[in-house]
Amino acid sequence: MLGIALVNMLVALDQTVVSTALPSILSELQGFEYYAWMASAYLLASVVTVPIFGRLGDYFGRKPFVVAAVITFTAASVLCGLAPTMLTLVLARGLQGIGGGMMVGTAFASIPDLFPDPRARVRWQVVMAGAYGIGTAAGPSLGGFLSEAYGWRSTFLVNLPVGLAGLYCVVRYLPNFKRAVQGNVKIDWLGAVLLTVALACLQMCVENVPKRGLDLANLVLLVTTVVAAVAFVYCERRALHPIVPLELFGNSKLVVLFTLSTLAGVAMFSLIFFAPLLLQGGFGMSPQQAGLLATPLPVCIAAGSLLNTHIVMRLKKPTGILSAGFVLLLIACLGVAMTYRYTPLILLEVALGCGGIGLGFVLNNMNIFGQEIAGRENFGITTALMQSTRMVGGMIGTAAVGTIVARSYASGVRDALEHLTTAANAAQWSARLSDPQVLIDAGTRAMTLTDLAQAGIDGPELLNLSRQLLVGSIHTGVLFVAMAIAAAVMLVRRIPDMTLHTKPAQALIDSGH
């Protein structure tokens, strides 16, 4: 479990440490045209590999894939740290994403192998949540320190000692469990390719629509996604050993859990992305201040998991913990949506803390409930689909909120400029001020204020108004997320009551271990 926890910490560290080094990376390597792909390459590769390797773990055993995942991720981190160009760095990030997807798809599914008793599994989940919380909370500060003291390359190389420690624990102590599916397995390569195409096109479409709208390229991506998805379903119906067994979606309990996982991803990633933007762009705080104030969200995920272990096993209806978790997430969204510059920041801290505790109640329990419903032969794919649906929910949620924020903010800035200057100048300045980056970056802001003064426009007043517009736009986007979470609160009621029975120890380990 320590090895698996370190694997989890690797993923959390990489998601948070590297983000603080992006400006330094761009300054040294140039290649701005590849800048957006720094995050996209990793996300794209991980989204498509999670379900594939989750299912392969069911078929061939999980330990070889966990070992391969740690080696791939750690080696890719070294390649990132040594990258001479931005293109090389993006390719190495894609390789990292493959390793990360393998980790998520196989390491998490190893836990029910180790602990057939779901009650024991609930207790041990806190180790995973603690590792993730530590990695997420320490990541931004550690990334800033390493980037400033040793350069941006160190933010990738920091994965090396964690990866080697995790690799030792996994190789030395993780047992080789007997395969849940015996006999020869014919890998469904066509299904894997179609799933990859569908998820990749969906991810690129979701990323590009907020920037360019539904143009021809995005329409092609959308059509390709639908065609690949339909072909995938047809292929899986005919496959002897499908990558995604469609009978899982015939189980109404699992369908509800997958839907709830998607909605949890919408809330989780929207809060993680837009709470710092509210603090920096809307309230004018520094990145360090914003990062510190946003810390309760990841830290309280671990705290919620710890509380969960003491609560869920005492409940007559364990699914009630999901209702409590989504209600806390709803409180977090409403709290962020009602926070202004004059609001005491302790209220925002409490709201984000509620969101973290709510996620601690929701994420681990949905994994356990899904594993109990699906059975051991589907542990890997069920766990992987829980992770995948959460990631897809995060993609769709952040894209939707980002579109709402960007359109609302740009429209407000354009209207404000029309009152402060002529129509021709309004169009010129609108293009420049419609990006909230001017409210975050001190250098860009100073240059913009100088240019506005030369144009005879009251720059401080306009930027102050822009901050108010950004706050209102983020509030609108977060209220959209609150509506999705309100739907989740209602949807939880459709999960029948479950009992976490104690299961006898099973002879699952090969004789050599």
For this session: Take Asn308 and Asn365 through the test side chain to side chain donor-acceptor pair (under 3.5 Å) and record every step on the way to the result.
Result: CA-CA 9 Å; Asn308 177 68; Asn365 287 315; 2.6 Å; yes
Quick one: closest heavy-atom pair of [X] and [Y], and the distance?
X	Y	answer
Arg467	Gly281	NH1-O, 2.6 Å
Val66	Ser110	CG2-OG, 4.0 Å
Gly94	Ala45	O-CB, 3.2 Å
Val266	Gly397	CG1-CA, 3.9 Å
Leu297	Gly355	CD1-C, 3.8 Å
Val413	Ser466	CG2-OG, 4.1 Å

For this session: Take Asn367 and Gln387 through the test side-chain contact (heavy atoms from CB on, under 4.5 Å) and record every step on the way to the result.
Result: CA-CA 9 Å; Asn367 281 338; Gln387 311 301 321; 3.4 Å; yes
Please tell me if the side chains of [X] and [Y] come closer than 4.5 Å, counting only heavy atoms from C-beta onward.
X	Y	result
Ser46	Val104	no
Phe361	Ile311	yes
Leu89	Phe156	yes
Ile474	Tyr409	no
Leu329	Met268	no
Leu328	Val362	no
Gln96	Asn159	yes
Thr225	Leu199	no

So, the side chain of [X] versus the backbone of [Y]: is there a donor-acceptor pair under 3.5 Å, distance only?
X	Y	result
Ser408	Val405	no
Thr398	Phe269	no
Ser411	Arg407	no
Thr383	Ala109	no
Arg390	Ala264	no
Thr155	Trp152	yes
Ser261	Met386	yes

Atom [atom1] of [X] and atom [atom2] of [Y]: how far apart are they, to the nearest 0.5 Å?
X	Y	atom1	atom2	answer
Cys333	Ile485	SG	CD1	5.5 Å
Ile301	Ile272	CD1	CD1	6.0 Å
Arg153	Ser77	CZ	OG	14.0 Å
Phe326	Leu260	CZ	CG	4.5 Å
Leu293	Thr339	CG	OG1	11.0 Å
Leu114	Ile4	CG	CD1	5.5 Å

Exercise. Taking everything shown except Arg494 itself, do over 12 heavy atoms lie less than 6.0 Å from its CZ?
Worked result: no
Exercise. Yes or no on side-chain contact (heavy atoms from CB on, under 4.5 Å) for Leu449 and Leu463, after CA distance, side-chain angles and deciding distance?
Worked result: CA-CA 8 Å; Leu449 285 171; Leu463 290 186; 3.3 Å; yes
For this session: Show your working on side-chain contact (heavy atoms from CB on, under 4.5 Å) between Phe283 and Val471 and close with a plain yes or no.
Result: CA-CA 8 Å; Phe283 299 162; Val471 170; 3.8 Å; yes
Exercise. How are the rings of Phe258 and Phe249 set relative to one another: parallel (under 30°), tilted (30 to 60°) or perpendicular (over 60°)?
Worked result: tilted
Exercise. How are the rings of Tyr342 and Tyr340 set to each other: parallel, tilted or perpendicular (split at 30° and 60°)?
Worked result: parallel
Exercise. So Leu279 and Leu348, side-chain contact (heavy atoms from CB on, under 4.5 Å) or not? Walk me through it.
Worked result: CA-CA 10 Å; Leu279 294 169; Leu348 179 62; 3.5 Å; yes
Exercise. When Leu257 is tested against each of Leu322, Val492, Thr382 for side chain to side chain contact (heavy atoms under 4.5 Å, CB included), which residue passes?
Worked result: Leu322
